[in-house]
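Below, chain A is the first sequence line, B the second, and so on; all start at residue 1.
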There are 2 protein chains.
Amino acid sequence: MDTGAPKFRRRKADRPAEIVQAALKVFAEKGFAAAKLDDIAREAGVSKGAIYLYFETKEDIFRAVVGQAIAPNIGMVKAMAAAHPGPLADLLRSVTSHVAGVVSQTPLGGVLKMVVGEARNFPEIARVWHDELVSQALGAMTAAISAAQARGEVKPGDPRVYALQLISPMLVAVLWKETFVPIGAEPFDLAAVMRQHVDTLLCGMLTEGART
Amino acid sequence: MDTGAPKFRRRKADRPAEIVQAALKVFAEKGFAAAKLDDIAREAGVSKGAIYLYFETKEDIFRAVVGQAIAPNIGMVKAMAAAHPGPLADLLRSVTSHVAGVVSQTPLGGVLKMVVGEARNFPEIARVWHDELVSQALGAMTAAISAAQARGEVKPGDPRVYALQLISPMLVAVLWKETFVPIGAEPFDLAAVMRQHVDTLLCGMLTEGART
DNA sequence: AGCTAATAAATGACTGGTCAGTTATTTGAG
DNA sequence: CTCAAATAACTGACCAGTCATTTATTAGCT
């Protein structure tokens, strides 16, 4: 009867993950400084003291939250970087739709907001986020675009800026959701935005040798 | 000898503005919760007590900071909304270059970051920012694009999404500057980004009846 | 199985420091 | 001299982090 009556809680293995998840929720809502450890504890169904069995300080929890959000996405970036040899249009369509899916089904948006908001207070966290995620992803896209340019597929122009142009609407849509939708503003449909955006932008980026 | 030796400070008229400016700097750096009133006071060259001669609470100062950042830009939005009757391409080029200039010469970026970070804690501020600035600007652009579509100048597609696509790279570039440039990341040249972006995107948006 | 240490997990009352906001006092201008 | 402007020391609340105590779990023994 292991699944019968759990009676009282007493575990260990999954506590840290539970705490991190609770912390993510509270941090994303209040920001780092305004988040109270008691809130995190309550959200995790645990006492404040218990948190200190698994984490040294509040900053530690924050680091864990950001780290946890980064980890599973590094693989994604790597896969992206494994330069798809097909035409750029196909690559971009698949990458953006994949990323849009991930972003809308994970709390990545909330973490992004936190990183932006706390970058000045936690430079190392901003650096990790940048070096391990943002820079990698941007670099991979830049490389892919650059290669396509060499192939004569893409018009002249700064490839890094092209990459920025491509991902920006997604980021803004996510921040919009985090910032203005709770206020009652009209949301954006992430997938629809990216579909229209890639179509439009590709049309402007590609040379004559391109069609879907 | 009004400009000679100010000896000791004793004014009244310009204190509030000085405090708001100092507060902007500190808030943009630390975020609302982590900003100390003593820091703001020191930055303004004033004692903490003096701040309370002009503002009721810390939140009041925050409201003033955001409000001050919004105020001068409402005119800009209005002018933009006064639908330029020429071809859309011209309108977008002039608007984006103008906005890019304003954004890079004012602390609007820092305020944007604050609004995003504190929206959950200060919904009314998010609402003001949205209703008076973001929504107006987005609405004006959407209307202009919509009109251009009716004229047969722009391909089918959601005009609100087109507007989002247009402004997103600017916003992301600004947040990039606030977030990752202090870490040592390569900055983006806002003006250059917007030039390339408008060129590319217009090429994808416009129907056959368009050229610069 | 029952009973009892021994141990691990968890608690919540407590502490020390920090900081928003107050106020008694001082300073400068007219 | 008078009054407004400004100060700096002060207060009270709040909260991160600690620790003595309680509660569940496991192991050992019969």
Just call it for A35(B): base, sugar-phosphate, or nothing, with non-hydrogen atoms closer than 4.0 Å on any strand.
sugar-phosphate
Does the T96(A) side chain pair with the main chain of R93(A), one donor and one acceptor, at a distance under 3.5 Å?
yes
When the distance from NZ of K30(A) to P of dC14(D) is rounded to whole Å, what number comes out?
13 Å
Atom pair distance, as rounded to whole Å: OH in Y54(B) and P in dT7(D)
9 Å
Should the pair H130(A) and F180(B) be assigned to parallel (<30°), tilted (30 to 60°) or perpendicular (>60°) ring geometry?
tilted
Rounded interatomic separation in angstrom, taking CD1 from I61(B) and P from dG21(C)
8 Å
Would you say the side chain of K58(B) and the base of dG21(C) hold a donor-acceptor pair, judged only by whether the two atoms sit under 3.5 Å apart?
no
Using whole Å, what does the distance between atom C1' of nucleotide dA10(C) and atom CZ of R42(A) come to?
17 Å
Would you mind reading off the distance between I40(B) atom CD1 and dC19(C) atom P, rounded to a whole angstrom?
12 Å
For L53(B), answer base if it contacts any base atom (sugar-phosphate contacts may also be present), sugar-phosphate if it contacts only those atoms, and nothing otherwise; contact means non-hydrogen atoms under 4.0 Å.
base
Nearest-Å distance, OH (Y52(A)) to C1' (dT18(D))?
9 Å
Assuming nearest nucleotide by heavy-atom distance, tell me which of K36(A) and E56(A) is located more 5' along DNA chain D.
K36(A)
Taking CD1 from I51(A) and P from dG12(C), how many angstroms apart are they, rounded to a whole number?
13 Å
